[in-house]
Amino acid sequence: MPELPEAETIRRQLEAEVTGKTVRRLELLHPRAWRAHTSPKELADLVEGRRIVRVGRRGKAPYLLLNSKRPSVLIFRLGMTGLVRVAKVTRRAGASAPAPFRAAGAEAEPSALRAVLTLTGGRELRFYDQRLFGELVAFPTHDVDNTPEFAHYGPEPFSGEFTLDYLKDHLSRRSAKLVDVLMNQQIVAGIGKIYSDEACFRAGVRPGRRAWSVTGPMRERLWRAIREVLSVGIEARGSSAKDETFRDVYGIPGRFQDRMQVYQRTGQPCRVCGTPIKRARIASGRGMHWCPKCQK
DNA sequence: AGTTGGACCTGACTGC
DNA sequence: TGCAGTCAGGTCCAAC
């Protein structure tokens with residue numbers, strides 16, 4: 001599932017690959033590839049003929065800052081299975097459907113192709129999304145943090161705003177489970193199932209605890225663990241575990257799954273103490289994983 | 001307002 | 001072998 005490390009991997013690669021290029025054309029290949037309140041024409045107007053001046057990321061979403069005479073931003077909401085690929089333009093001008101893309105890594109499912117941005121310089125960006133939870137979103141501004149997409153977001157985990165006191169404050173005021181608080185994008189942006197479970201393991205705290213019950217040295221361990229585990233995830237170029245379709249823009253899987261301690265390891269021995277990893281459901285029906293001995 | 005649970009979606013997997 | 005049922009989770013939304 002694309003979370004902050006996966007989005008940051010995409011951001012870094014796109015920055016190197018497409019900065020300075022101009023979007024010639026946007027093709028939308030599925031009615032759910034863009035947000036419903038924007039028409040395809042509005043979206044195309046915000047993207048086509050504009051130069052990519054910067055590549056950014058907020059939480060789990062990479063975005064392109066575009067400009068010609070007026071600024072705009074194109075946000076990739078990746079949802080569950082969203083992928084962004086960079087490819088050479090291989091089809092002839094005027095052809096309506098892109099040829100299946102084969103990259104150095106695993107091949108993306110051609111039927112999951114939702115949108116194509118043709119760029120200058122013979123490159124194109126392809127947006128794939130198997131389960132259709134992702135979409136493209138654009139706004140006529142560079143003030144990204146104040147767009148409807150991100151206005152309600154909490155601080156970036158690596159920003160100076162995400163202090164220990166900030167985390168303590170939000171934990172103490174919540175009765176929800178810790179894992180739900182960590183995944184709440186309004187509290188801190190960029191954490192999903194994988195990295196919340198892994199941060200809790202690293203901090204030695206059970207993800208099912210009520211947030212207010214996380215007190216004392218646990219809070220500082222958790223605060224450090226969040227950033228450590230996200231840093232490791234970024235270094236590993238994201239996570240491509242068994243059920244995960246994530247690939248980088250070249251089609252290459254990430255390596256964080258090799259470092260996972262609890263996520264998707266139900267019943268397997270804890271790498272620290274050998275106790276079988278447990279799994280339980282949280283409010284939204286999703287799973288959380290923890291070691292019953294290492295985590296209190 | 002905060003918390004909880006369902007809906008959305010489809011490929012992979014499970015069990016009969 | 002085939003096919004219905006289940007699982008997976010990011011985000012939104014309704015109900016309490």
>> By the 4.0 Å heavy-atom rule, please label A:Gly134 as base, sugar-phosphate, or nothing.
In response: nothing
>> Please report the distance, rounded to the nearest Å, between NE2 in A:His289 and P in C:dA8.
In response: 7 Å
>> Can you tell me which nucleotide in C:dG9, C:dT11, B:dG11 comes closest to the side chain of A:Gln130?
In response: B:dG11
> Side chain of A:Arg265, backbone of A:Gly267: donor and acceptor closer than 3.5 Å?
Replying inline: no
>> By the 4.0 Å heavy-atom rule, please label A:Thr81 as base, sugar-phosphate, or nothing.
In response: nothing
> Does a salt bridge link A:Glu198 with A:Arg202, judged by any charged N lying under 4.0 Å from a carboxylate O?
Replying inline: no
What are the atom names and distances for every N/O pair under 3.5 Å that joins the protein to nucleotides 12-16 of chain C?
unit_1	atom_1	unit_2	atom_2	d
C:dC12	OP1	A:Arg77	NH2	2.8

>> Going by centres under 5.5 angstrom and planes under 30 degrees, do the aromatic ring of A:Phe133 and the base ring of B:dC8 stack?
In response: yes
> Within the side chain of A:Glu220, is there an N or O that forms a donor-acceptor pair under 3.5 Å with the backbone of A:Pro217?
Replying inline: no
> Only one of A:Arg209, A:Arg206, A:Met288 clears side chain to side chain contact (heavy atoms under 4.5 Å, CB included) with A:Val179; which?
Replying inline: A:Met288
> Which residues satisfy the ring-ring contact (aromatic ring centres under 6.0 Å, His included) test with A:Tyr153, sequence neighbours excluded?
Replying inline: A:Phe150
> What's the closest nucleotide to the A:Arg131 side chain, out of B:dT10, C:dT11, C:dG10?
Replying inline: B:dT10
